[in-house]
Every structure is written in structure tokens, then in C-alpha cells.
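Presented below is the structure to which this report refers.
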Amino acid sequence: MEKTEVKEEKPRFRWIEIGPNITEEQKQAISQLPPKMTRRCQAILKQIICLCPEKGNLSDLLAAWVRIMKPKRADWLAVLKELKTNEHPLYIQVAELALQYESFEANIRDYTKIIHGYGKLNQIQGAENTLAAMKRRGFICDQVTLTAMVDMYSKAGNLKQAEETFEEMKLLGQQLDKRSYGSMIMSYIRAGMTERGEILLREMDAQQIYAGSEVYKALLRVYSMNGDSKGAQRVFEAIQFAGICPDARLCALLINAYLMAGESQKAYIAFKNMRKAGLEPSDKCVSLVLAAFEKENKLNKALNFLIDLERNGNVIGKEASAILAGWFKRLGVVEEVESVLREYATRESYSKIPTS
């Protein structure tokens, strides 16, 4: 019988310690490594920072590190954290290659982080490949992983894939949390299907689950920009029902909806309600109310509004002043309005002088 001689494969990466002959940029990056980091972690990070095609590829480098320094999971995680913190371009590649090593002790969250990373880069194929690899290795998809996929499809404008993944999530038989619902609602908002988004919000309300403020704000912004005052009012009420205190920005979106719809009186009432709630009126809110009055050519209402602001000690800001200046200039009544306001200011000053 013939004997077949099997030669052991030589390591493809020759590990050489990083010396002084490196670029200033590389020296700067190495100097910023955490001093308390273990030597084995610092060693691989230095190699990654100085990696070039002439020395070998990333896969061979990691294989050499594992063979020589025998890292544990804690070492892998420390390296990945450092790469992610510094937004190193090889972060995701290192994370993916780490999955194949026993010392990394991969779990489902490791795959989810990679999927999320691909989502931030809008690299859908990479995320789908990672999900497929996860399934091949026996991991079962959970709500967190599928939510990351929905979020990625949402941002990429792939509504169909987002809906299919959301339905897959429902089949898990677990109660969906606010992040899962929120990612799907954002998909409908980005697709211009606000009504579908509101249906999911009502579904959440029935289960006493409330979306994050960013979801409500996104929905309110769409209604505001479209001039759908009824839709904006519904969402604004839902925000308060969810226990979220509206701020000046949310109030501005509601006022803008009334402005776009030509409902200046409702815009003014929304402004008054904002002040009753103890919110300081922003320059944006003031300018929107003035723009609503201008749109309906209600000069007297605007003047009364200005006088009311002055009485309450509110100073007219830059944006509101610009709207007033443009409006009065078009009407040709700049001098007359200035005279009225000066007379009012004088009268107010005299009223504040105590009687002897």
C-alpha cells in the first residue's frame, strides 16, 4: 500500500511585532489604545491598525492571533468594542470572522450586532447573509434580531420586506415590544402610509404598549407638512395619552398643521394651550402663528397677538420679526404699525408707574 505524505499547511500570516517604521497616523491611532487593555488585545489591534495587503489579509491575521495568543471571549469583545468606538472600517469584518472561532463563543446577540452594523451602512445583502449564516449554524431568530432587520428594510425603503419580516416576528408567538412595533410604524411613515401606522399605534394602545417619542414625532411631522390638521391633532392627543409631555417642537408641528390647513384660530388656540401648560413659547411657534394670521390676512388678530406677547414679557425673535417685516412691507403699513406699537409701549410704561 502506498503511503500518502500529508504536509502540514504553513501559517499564511507571519506575525512580526509592530516597530517604529510606521506612519504618523498609525502611531497616533496606537497611542490612543486603552493603557489597561491586555497585551494580547493591544497586539491584535496594533496589527489591524497597521495591516496592509503586503503583510497578508485580515482572515490570516486573526487566525495567527488565535493560534499564537489563544484569546478568550472577553478578549474578542474588548477588541470589537475598541474598533466600534473608533469607527474602524474593519469592525464588521472582524466581527464576522470572529463568529467562526470557538474561543469567541458566539451567541445570537453577536449576529444581531453585525446585522445592525450592516443596517447602519445600508448594506442589505451583508445583513441578509449574516442572518442566513446564523440560521445555518442552528440559531433561532428572535424578536430583537428580526426587529433589526425590519429597521434596516424601513430605512432602505423596502416596505414589502419589512412587512414580511414583521409578520415572521408575529409568528414567534411572543408579545411584540415597542421597538418592534415602532420599526414597522416607521416603515409605513417612510412609505407615506400614515393610516397604516396609526392602525398599529391603536393596536399598541389596546395592549397598553406605547411607542417612543421619535415615532410619534415622525408621524406628527408628516401630518404637519401635509396640512392634515385632524391627523396632527389625533397624534398630538395620542402623545399625551402615552404619558409623553409635549415640548415646544411638538407644539410647533401642531401649529404648523393648522397654518397649512388655513385654520389660524386653531393655531392661536394651540399656542395659548401651550402657554397654559407652562411651556415657554419659542420663536418658531410665534412665527407660525403670525404666518397663519398672514395667510388669512388677519392683521388685527396679529396685532392683538403681538400686544398680548408684549404684555406677558415675551420678546419677538428673529424669525417672527422677519415674517412681520415682510407682511407689513407688502401691505405698505410699516410706519403705521410702528406708531401703534410705540403708543402701546408708552401707555404700558405709564400704567406701571405707581400713584403717589
Side-chain angles (χ1 to χ4, degrees), residues 92 95-96 99 106-223 226 228 230-244 250:
I92 291 185
E96 277 204 300
L99 297 172
N107 60 49
I108 192 170
R109 288 289 77 80
D110 298 316
Y111 288 90
T112 305
K113 288 175 184 177
I114 295 171
I115 290 170
H116 184 69
Y118 275 124
K120 289 180 73 174
L121 297 172
N122 199 27
Q123 296 181 9
I124 296 176
Q125 191 60 55
E128 290 177 339
N129 291 342
T130 302
L131 183 67
M134 186 186 81
K135 291 178 178 178
R136 282 197 308 271
R137 291 166 185 166
F139 291 98
I140 299 174
C141 291
D142 65 0
Q143 190 175 147
V144 177
T145 303
L146 293 177
T147 297
M149 294 296 293
V150 173
D151 186 58
M152 179 190 66
Y153 288 135
S154 170
K155 290 175 180 176
N158 295 340
L159 178 62
K160 184 179 179 182
Q161 288 94 328
E163 286 182 317
E164 289 174 354
T165 308
F166 188 69
E167 290 303 315
E168 183 181 348
M169 212 186 303
K170 285 184 173 180
L171 294 175
L172 294 175
Q174 300 172 354
Q175 186 180 41
L176 302 184
D177 60 20
K178 71 174 189 178
R179 290 185 179 180
S180 301
Y181 273 114
S183 61
M184 193 62 233
I185 293 171
M186 290 300 295
S187 297
Y188 285 129
I189 292 172
R190 291 184 176 109
M193 301 170 68
T194 51
E195 292 181 359
R196 297 286 295 274
E198 278 200 83
I199 289 172
L200 283 184
L201 273 179
R202 287 194 289 272
E203 187 178 312
M204 292 175 69
D205 289 343
Q207 302 175 65
Q208 294 186 333
I209 303 171
Y210 302 107
S213 59
E214 69 283 354
V215 175
Y216 289 106
K217 189 174 182 179
L219 191 57
L220 180 58
R221 184 182 292 109
V222 173
Y223 283 132
N226 292 338
D228 186 344
K230 291 182 179 179
Q233 184 62 48
R234 279 198 312 272
V235 176
F236 195 79
E237 290 171 358
I239 288 172
Q240 296 172 83
F241 185 73
I244 300 171
L250 290 175

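As the structure is a computational prediction, the values presented were derived from the model and not from experiment.
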- Item | For Val150 against Ser183, the heavy-atom pair lying closest together | CG1-OG, 3.4 Å
Which pairs would a plain distance check flag for residues 106-117, meaning a side-chain donor or acceptor within less than 3.5 Å of a matching protein atom at least two apart in sequence or in another chain?
| residue | atom | partner | partner atom | Å |
| --- | --- | --- | --- | --- |
| Asn107 | OD1 | Arg109 | N | 2.9 |
| Asn107 | OD1 | Asp110 | N | 3.2 |
| Arg109 | NH1 | Asp142 | OD2 | 3.0 |
| Arg109 | NH2 | Thr112 | OG1 | 3.2 |
| Arg109 | NH2 | Asp142 | OD1 | 3.0 |
| Arg109 | NH2 | Asp142 | OD2 | 2.8 |
| Arg109 | NH2 | Thr145 | OG1 | 3.3 |
| Asp110 | OD1 | Arg73 | NH2 | 3.2 |
| Asp110 | OD2 | Arg73 | NH1 | 3.2 |
| Asp110 | OD2 | Arg73 | NH2 | 3.3 |
| Asp110 | OD2 | Asn107 | N | 2.8 |
| Tyr111 | OH | Arg137 | NH1 | 3.0 |
| Thr112 | OG1 | Ile108 | O | 3.0 |
| Thr112 | OG1 | Thr145 | OG1 | 2.7 |

- Query: Distance-only, no hydrogens or angles: does the Asn129 side chain make a donor-acceptor pair with backbone N or O of Gln125 under 3.5 Å?
  - Reply: yes
- Message: side chain to side chain contact (heavy atoms under 4.5 Å, CB included) for Leu159 and Tyr188? Distances and angles first, verdict last.
- Response: CA-CA 7 Å; Leu159 178 62; Tyr188 285 129; 4.0 Å; yes
- Message: Test side chain to side chain contact (heavy atoms under 4.5 Å, CB included) on Asn226 and Thr194; report intermediate values, then the result.
- Response: CA-CA 11 Å; Asn226 292 338; Thr194 51; 5.8 Å; no
- Note on the structure: What one should report as the nearest heavy-atom pair of Lys135 and Cys141 is CE-SG, 3.3 Å
- Note on the structure: So CZ of Arg136 and CE of Met134: to nearest 0.5 Å the spacing works out to 11.0 Å
- Task: Side-chain contact test, heavy atoms from C-beta onward, threshold under 4.5 Å: evaluate it for Gln175 versus Ile209 and give yes or no.
- Result: yes
- Task: Mark yes when over 12 heavy atoms from residues, nucleotides or ligands other than Arg190 sit less than 6.0 Å from its CZ; otherwise mark no.
- Result: yes
- Query: What are the two closest non-hydrogen atoms of Tyr216 and Ala211, and how far apart are they?
  - Reply: CE1-O, 3.3 Å
- Query: Considering residues, nucleotides and ligands other than Gln208, do more than 12 of their heavy atoms fall under 6.0 Å from its CD?
  - Reply: no
- Note on the structure: Rounded to the nearest 0.5 angstrom, the CE-CG distance for Met184 and Asp151 is 11.5 Å
- Side chains of Glu164 and Tyr153: do they bring a donor and an acceptor to under 3.5 Å? no
- For atom CG of Leu171, is the number of surrounding heavy atoms from other residues, nucleotides or ligands below 6.0 Å larger than 12? yes
- Item | Gln123/Ile92 under side chain to side chain contact (heavy atoms under 4.5 Å, CB included): CA gap, chis, key distance, verdict | CA-CA 11 Å; Gln123 296 181 9; Ile92 291 185; 5.7 Å; no
- Task: Would you please test Met186 and Val215 for side chain to side chain contact (heavy atoms under 4.5 Å, CB included) and show each step?
- Result: CA-CA 7 Å; Met186 290 300 295; Val215 175; 4.3 Å; yes
- Message: With side-chain contact (heavy atoms from CB on, under 4.5 Å) as the test, pick out the partner of Tyr210 among Asp205, Ile244, Leu201.
- Response: Asp205
- Task: Drop me the distance from Ile239's CD1 to Glu237's CD, to the nearest 0.5 angstrom.
- Result: 10.5 Å
- Nearest atoms (heavy-atom pairs only) where Met152 meets Gly119: CG-CA, 3.6 Å
- Message: Can you give me the closest heavy-atom contact between Leu176 and Gln143, atom names plus distance?
- Response: CA-OE1, 3.4 Å
- Item | Side-chain donor-acceptor pair present, Glu163, Ser187, cut-off under 3.5 Å | no
- Report yes or no: do Ser180 and Asp177 form a side-chain donor-acceptor pair below 3.5 Å? yes
- Any donor-acceptor N/O pair, Asn158 side chain to Gln161 backbone, under 3.5 Å: no
